[in-house]
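These notes are about the structure you will find just below.
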Amino acid sequence: MEYILAKKTNTKQNTVIHLPFGKSIGGNELTLIAGPCTIESEEQIIKAAVQLKDTGISILRGGAFKPRSSPYAFQGMGEQGLIALKKAGKIARLPVITEILDTDDIPLVLKYADILQVGARNCQNYSLLKKLGKINKPVLLKRGLMTTIEELLLSAEYILSGGNEQVILCERGIRTFETETRNTLDISAIPVLKQKTHLPVFVDPSHASGNKELVCPLSLAAVSAGADGLMIEVHPDPENALCDGNQSLTPAQFREIYLKIDNVANAIGRPTRNSKKGSRILSFA
Ligand code: PEP
Ligand code: MN
């Protein structure tokens, strides 16, 4: 099957996406997205934003509509969560990303979010993708649990062919026979996608591993393999998180791994936001 608009036609072609507060995705800089899996209260998301704002991140994440495996699990705060997320982003001067689950919610989510996230479970929800082709905000499209690289590119093509050129791809692990990790991070997908498409390629090591101890090594591997950015779950109090506490870092743990990520990023000539500014955080040897 042919993807036409997602295809890279020359090796230097790269889509760059510009965001509020002077942030961007897809340029030479490595872009970091961090924040809790789920917005649990205004206090929680503001706390996360404030604790993260000076750690080199460019975008704050937080889910208000959650695709939970069980219908009895916390489903997200809905619009109240979106209001809190936007407020937190404004305080920290960070653009915000949140998941869109349902076509009916697009106008509501557009009111508050700077980037709309399509989760792994909706990677091949073509009616949702077609509608997102008609919006004028960036869409971060996660690879499905059972989606091939070609199918991911064809899903991106649905959005692009609707007229929305701002698509970001995200490898978040695929389902394999391996049970030691929540999913299996497909590292090869990064260089393969970078060869095939001009779209920015992100990696989510949190959902790929399901384990906070693995977030650092997978992040370093992803950056080394050429990822344009990372999306990492960080919670002010992971032990009491309503969702994905096991894979969430504390802001202090994130700060620690940021230093390692930044070292690798610099080694391959892709500094993070703070390294450009020569922030003190970089005095780490
Ligand atoms: C998420 O990022 O909150 C999420 C649900 O991830 P995924 O769609 O990759 O499972
Ligand atoms: Mn999560």
Side-chain angles (χ1 to χ4, degrees), residues 31-40 44-45 48 52 57 59-71 73-78 81-82 84-85 95-102 105 109 113-125 128-129 132 138-147 149 151-152 155-156 159 167-176 181-186 189-190 193 201-212 214-215 218-219 222 227 229-250 254:
T31 305
L32 301 177
I33 304 176
C37 180
T38 308
I39 303 149
E40 298 171 4
Q44 173 245 19
I45 191 71
L52 283 168
I57 75 161
I59 300 156
L60 178 70
R61 67 154 284 153
F65 295 98
K66 295 303 301 175
R68 305 304 297 277
S69 301
S70 163
F74 180 58
Q75 303 286 308
M77 286 177 70
L82 295 174
L85 178 66
V96 297
I97 180 169
T98 198
E99 182 163 350
I100 177 79
L101 276 188
D102 193 313
D105 295 327
V109 175
D114 299 301
I115 306 174
L116 276 66
Q117 175 176 327
V118 176
R121 289 153 192 83
N122 272 317
C123 180
Q124 292 177 294
N125 179 341
L128 178 63
L129 300 179
L132 293 174
V139 176
L140 181 140
L141 174 64
K142 286 190 147 193
R143 182 178 181 182
L145 281 78
M146 302 280 279
T147 307
I149 291 172
E151 286 164 343
L152 172 64
S155 287
I159 304 171
V167 179
I168 304 138
L169 303 174
C170 182
E171 160 63 38
R172 46 77 73 206
I174 50 177
R175 200 166 258 192
T176 67
T181 48
R182 182 175 180 182
N183 293 288
T184 299
L185 180 63
D186 182 6
I190 305 162
L193 284 168
V201 176
F202 270 55
V203 170
D204 172 349
S206 308
H207 291 89
S209 65
N211 177 351
K212 61 175 175 298
L214 299 178
V215 168
L218 295 189
S219 297
L230 299 170
M231 178 151 82
I232 297 178
E233 284 188 340
V234 181
H235 191 289
D237 181 13
E239 281 185 12
N240 292 303
L242 293 181
C243 183
D244 288 349
N246 286 345
Q247 66 195 37
S248 300
L249 303 172
T250 62
F254 178 79

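Both counts, for ligands and for their atoms, begin at 1 and track the order of listing. Everything quoted here is computed from the prediction, not taken from an experiment.
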Test your reading of the model: is there a side-chain donor-acceptor pair from [X] to the backbone of [Y], 3.5 Å cut-off?
X	Y	result
D114	V96	yes
R143	G173	no
E171	A227	no
S206	I232	no
N246	G210	no

Can you tell me the protein heavy atom closest to [atom] and the distance?
atom	value
atom 5 (C) of ligand 1	E99 OE1, 3.7 Å
atom 9 (O) of ligand 1	R172 NE, 2.6 Å
atom 6 (O) of ligand 1	K142 NZ, 2.9 Å
atom 1 (C) of ligand 1	H207 CE1, 3.3 Å

Listing by chain and number, what protein N/O/S atoms are under 2.8 Å from the Mn ion (ligand 2)?
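N, O, S partners closer than 2.8 Å: C37 SG, H207 NE2, E233 OE2, D244 OD2.
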
More than 12 heavy atoms of other groups within 6.0 Å of D105 CG:
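Counting other residues, nucleotides and ligands, CG of D105 exceeds 12 neighbours.
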
For R68, does the CZ atom have more than 12 heavy-atom neighbours from other residues, nucleotides or ligands under 6.0 Å away?
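Yes - once you tally the heavy atoms of other residues, nucleotides and ligands closer than 6.0 Å, there are more than 12.
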
Quick one: does K66 get within less than 4.0 Å of ligand 1, heavy atoms only?
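In this structure, K66 qualifies as a contact of ligand 1 - some heavy atom is under 4.0 Å.
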
Check ion pair E233-R61 (N to O, under 4.0 angstrom):
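The answer is yes: the pair qualifies as a salt bridge.
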
Would you say ligand 1 has an N or O under 3.5 Å from any N or O of A120?
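Yes; the residue has a nitrogen or oxygen that sits under 3.5 Å from a nitrogen or oxygen of the ligand.
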
Contact check, side chains of T38 and L242, non-hydrogen atoms, under 4.5 Å:
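No - every pair of side-chain heavy atoms lies 4.5 Å or more apart.
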
Consider only side-chain N and O atoms of H235 and D244, and report whether a donor and an acceptor are under 3.5 Å apart.
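The criterion, which ignores hydrogens and geometry beyond distance, is not satisfied for D244 and H235.
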
Heavy-atom contacts with G119 under 4.0 Å: which atoms of ligand 1 show up? List them by number with element.
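This gives 8 (O) as the contact atoms.
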
Atom indices of ligand 1, in the order listed, that fall short of 4.0 Å to a heavy atom of Q117
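The atoms of ligand 1 under 4.0 Å from a heavy atom of Q117 are 1 (C), 2 (O).
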
